[in-house]
2 protein chains.
Amino acid sequence: MDPAEGRRILVAVDEGDESVHALRWCLTNFAARGDGELAPPDTILLLYVRPTPPTYSVLDASAPLGYMFANEATAAIDGYSRAVADAVVDKAQKLCALHSKENGKVKVDVKVAVGDARSVICDMVDKLGADLLVMGSHGYGFLKRALLGSVSDYCVRNANCPVLIVKSK
Amino acid sequence: MDPAEGRRILVAVDEGDESVHALRWCLTNFAARGDGELAPPDTILLLYVRPTPPTYSVLDASAPLGYMFANEATAAIDGYSRAVADAVVDKAQKLCALHSKENGKVKVDVKVAVGDARSVICDMVDKLGADLLVMGSHGYGFLKRALLGSVSDYCVRNANCPVLIVKSK
């Protein structure tokens with residue numbers, strides 16, 4: 001951590017209320033407002049990971065019409081995924097702005113990545129030089145979590161920085 | 001959390017270097033020094049959990065001598081366990097004192113409990129009204145961890161407060 005830069009806090013946000021709660025907890029309890037040169041403001045790095053868009057093989061398409069439909073469906077799903085990402089990030093940014101208004105400034109940076117949340121979050125910790133990773137405890141739906149284990153379990157084990165898990169009560 | 005009281009940070013310490021690292025990280029990055037009435041100092045609650053002492057049934061003892069030996073062995077193991085607890089807690093307290101000297105005061109309170117680390121830590125979160133639980137990622141040896149899962153995994157799932165896991169690099 002470079003003291004002249006403040007701390008870099010990576011907050012993984014998703015559609016769930018729990019990640020909003022985690023961000024709020026982090027802003028209230030951890031993120032420090034800047035206090036001149038001696039204590040520069042922390043940077044909140046908001047990370048939203050979009051799932052990898054589904055792909056349709058040409059072999060799956062029985063006719064050119066089917067292939068076109070598959071392409072359209074992919075585009076529609078991709079568009080929806082982008083809209084969700086925008087909404088989540090927008091909500092998180094507003095929360096940071098509200099906190100800054102009440103408690104002093106924090107710097108905010110937004111990253112939207114595509115892929116498997118578990119590996120993308122851990123990669124981003126390294127890439128962005130995060131000093132702390134903050135997340136809710138649920139990063140997938142129930143079924144996917146049962147199959148893959150939770151995103152937070154994976155990150156606690158594999159992220160190269162301290163991990164703060166904030167659950168909703 | 002009562003703002004007039006400062007935050008209550010439960011730090012689970014054990015024999016491992018990782019818990020020392022977790023405590024140090026918490027003191028440097030999270031625990032706030034008091035700043036008059038407006039910002040009272042945080043309280044660090046150092047928790048060491050001693051394993052439940054082994055018990056020998058009278059039926060196991062083939063002779064009165066064997067029974068006596070079992071009792072003596074139990075007493076010796078218990079004594080050793082207490083000595084380890086004292087050493088761990090003493091080291092942790094010294095670290096807090098050193099931090100207070102350099103960065104301003106934090107309040108420190110020590111709890112030593114007996115039982116299974118996983119359930120005792122989660123119970124203590126409720127009992128002591130902790131606002132945050134801090135721990136290293138390894139709370140058992142390799143074999144026990146493989147059988148039971150790690151203490152930190154359990155606490156992330158079950159503790160009724162945010163959990164910060166700090167791993168050694």
Side-chain angles (χ1 to χ4, degrees), chain A residues 1-3 5-11 18-33 35 38-39 42 102-104 122 125-126 129-139 145-146 149-169, chain B residues 1-3 5-11 18-33 35 38-39 42 102-104 122 125-126 129-139 145-146 149-169:
Chain A
M1 176 186 338
D2 179 357
E5 282 291 322
R7 298 170 301 187
R8 296 172 69 75
I9 305 166
L10 184 63
V11 184
E18 202 157 43
S19 80
V20 176
H21 178 68
L23 174 60
R24 189 179 289 125
W25 198 94
C26 168
L27 286 167
T28 310
N29 285 282
F30 193 85
R33 63 194 176 90
D35 196 17
L38 281 176
D42 289 336
E102 287 172 0
N103 299 293
C122 290
V125 163
D126 295 333
D131 298 304
L132 177 71
L133 168 62
V134 180
M135 58 197 306
S137 67
H138 300 162
R145 194 165 68 244
S150 79
V151 179
S152 49
D153 282 358
Y154 183 89
C155 292
V156 164
R157 284 205 189 83
N158 295 286
N160 288 322
C161 75
V163 182
L164 173 64
I165 305 292
V166 186
K167 286 171 291 183
S168 293
K169 297 236 162 157
Chain B
M1 176 185 342
D2 180 356
E5 282 291 321
R7 299 170 299 187
R8 296 173 68 76
I9 306 165
L10 184 63
V11 184
E18 202 156 44
S19 79
V20 176
H21 179 67
L23 174 60
R24 189 179 288 124
W25 198 93
C26 168
L27 286 167
T28 310
N29 285 282
F30 193 85
R33 65 194 174 91
D35 197 18
L38 281 176
D42 290 336
E102 287 172 359
N103 300 293
C122 291
V125 163
D126 296 333
D131 299 305
L132 176 71
L133 168 62
V134 180
M135 58 197 306
S137 67
H138 300 161
R145 193 165 69 244
S150 79
V151 179
S152 50
D153 282 359
Y154 182 89
C155 293
V156 164
R157 284 205 188 83
N158 295 286
N160 288 323
C161 76
V163 182
L164 173 64
I165 305 291
V166 186
K167 287 171 291 182
S168 293
K169 298 237 162 157

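Residue numbering restarts at 1 for every chain, and letters A, B, ... go by the order of the sequence lines.
Taking each heavy atom of A/K167 and B/R157 in turn, the nearest pair found is NZ-O, 3.3 Å. For the residue pair B/N29 and A/F30, the shortest heavy atom distance occurs at O-CE1, 3.6 Å. B/W25 approaches A/L132 most closely through the heavy-atom pair CH2-CD1, 3.8 Å.
Residue B/C26: no heavy atom, backbone or side chain, is found under 4.5 Å from chain A.
When each of B/V166, B/I165, B/L164, B/V163 is paired with A/L164, the side chain to side chain contact (heavy atoms under 4.5 Å, CB included) condition holds for B/L164 and for no other.
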